[in-house]
Amino acid sequence: MAGIEKLSPASGPVETRPPEDEIEGDEEDEELDETLAERLWGLTEMFPDGVRSATGVTLDCSLSLTKKLYSFTRSALWIGTTSFMILVLPVVFETERLQLEQQQLQQQRQILLGPNTGMSGGMPGMMAPAPGKM
């Protein structure tokens with residue numbers, strides 16, 4: 001019963017906890033601030049030495065393999081790109097040039113010999129067969 005009277009409003013003001021910024025010992029909390037990397041490094045101490053060393057070796061091998069793979073990919077891409085430019089692009093350009101020349105010749109033939117020459121497929125200078133004779 002004494003505890004209930006102590007908490008009643010008639011008993012007077014009740015002590016309250018001071019706000020967070022006024023708590024004594026706050027300086028100690030500021031000293032304990034650490035980065036995420038420091039926290040993770042601290043957590044490694046809970047694993048045995050064998051696990052930590054195996055993880056370190058695995059990480060080193062993975063990093064080395066990634067570097068080598070990156071270097072190989074760069075070299076292969078350079079070789080592939082330059083080879084394509086030297087070997088394939090001239091052929092593509094020459095083919096395109098020949099097609100353009102053939103198209104220009106066909107247009108010249110059509111202009112000189114008439115519109116039906118380009119469609120008949122006949123040689124210039126040869127007459128198409130007469131429609132009734134065959």
Side-chain angles (χ1 to χ4, degrees):
M1 217 35 161
I4 294 176
E5 290 176 5
K6 200 175 193 181
L7 294 176
S8 70
S11 65
V14 178
E15 285 186 37
T16 59
R17 185 173 178 186
E20 290 287 328
D21 56 345
E22 294 179 13
I23 295 178
E24 291 181 26
D26 194 32
E27 295 82 29
E28 293 175 15
D29 289 340
E30 289 177 10
E31 292 173 11
L32 295 179
D33 285 342
E34 56 190 359
T35 64
L36 179 63
E38 290 172 341
R39 286 186 182 206
L40 291 174
W41 186 255
L43 288 174
T44 61
E45 294 175 358
M46 66 186 242
F47 295 106
D49 286 335
V51 172
R52 283 188 278 175
S53 64
T55 304
V57 167
T58 304
L59 182 64
D60 290 340
C61 288
S62 298
L63 188 61
S64 173
L65 182 66
T66 302
K67 285 180 181 180
K68 288 179 182 178
L69 185 64
Y70 175 71
S71 175
F72 173 76
T73 303
R74 275 184 27 187
S75 298
L77 189 60
W78 174 255
I79 290 170
T81 303
T82 54
S83 297
F84 177 79
M85 290 172 64
I86 292 171
L87 299 173
V88 177
L89 279 181
V91 174
V92 171
F93 291 149
E94 190 64 25
T95 304
E96 186 70 27
R97 188 181 65 83
L98 287 174
Q99 286 177 353
L100 185 62
E101 281 181 10
Q102 287 177 356
Q103 187 178 11
Q104 286 176 347
L105 283 173
Q106 189 176 14
Q107 285 177 351
Q108 281 179 347
R109 244 186 263 144
Q110 194 173 17
I111 291 172
L112 291 175
L113 301 174
N116 292 333
T117 309
M119 292 183 202
S120 67
M123 297 281 292
M126 291 184 66
M127 296 194 68
K133 297 183 181 178
M134 272 252 173

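Because the structure is predicted, anything quoted here is derived from the model rather than measured. Positions are given from 1, in the same order as the sequence printed here. Values below: every heavy atom of this structure, side chains too, minus hydrogens, waters and symmetry copies.
Between Gly50 and Ser53, the closest heavy-atom pair is O-OG, 3.0 Å. Closest heavy-atom contact between Glu45 and Arg52: CA-NH1, 4.1 Å.
Side-chain contact between Arg97 and Glu101 is present, with heavy atoms from C-beta onward closer than 4.5 Å.
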Would you mind writing out the side-chain donor-acceptor pairs for residues 67-93 within the sub-3.5 Å range, not counting sequence neighbours?
{"from": "Thr73", "atom 1": "OG1", "to": "Leu69", "atom 2": "O", "distance (Å)": "2.7"}
{"from": "Ser75", "atom 1": "OG", "to": "Ser71", "atom 2": "O", "distance (Å)": "3.1"}
{"from": "Thr81", "atom 1": "OG1", "to": "Leu77", "atom 2": "O", "distance (Å)": "2.7"}
{"from": "Thr82", "atom 1": "OG1", "to": "Trp78", "atom 2": "O", "distance (Å)": "2.8"}
{"from": "Thr82", "atom 1": "OG1", "to": "Ile79", "atom 2": "O", "distance (Å)": "3.2"}
{"from": "Ser83", "atom 1": "OG", "to": "Ile79", "atom 2": "O", "distance (Å)": "2.8"}

Side-chain donor-acceptor pairs of residues 55-63 under 3.5 Å, sequence neighbours excluded:
{"from": "Thr55", "atom 1": "OG1", "to": "Val51", "atom 2": "O", "distance (Å)": "2.7"}
{"from": "Thr58", "atom 1": "OG1", "to": "Ala54", "atom 2": "O", "distance (Å)": "2.8"}
{"from": "Ser62", "atom 1": "OG", "to": "Thr58", "atom 2": "O", "distance (Å)": "2.9"}

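Between the CD atom in Glu94 and the CD atom in Glu96 there is a gap of 11.0 Å [rounded to 0.5 Å]. Ile111 CD1 to Gln106 CD: the interatomic distance, rounded to the nearest 0.5 Å, is 11.5 Å. Between Glu38 atom CD and Asp33 atom CG the span is 10.0 Å, to the nearest 0.5 Å.
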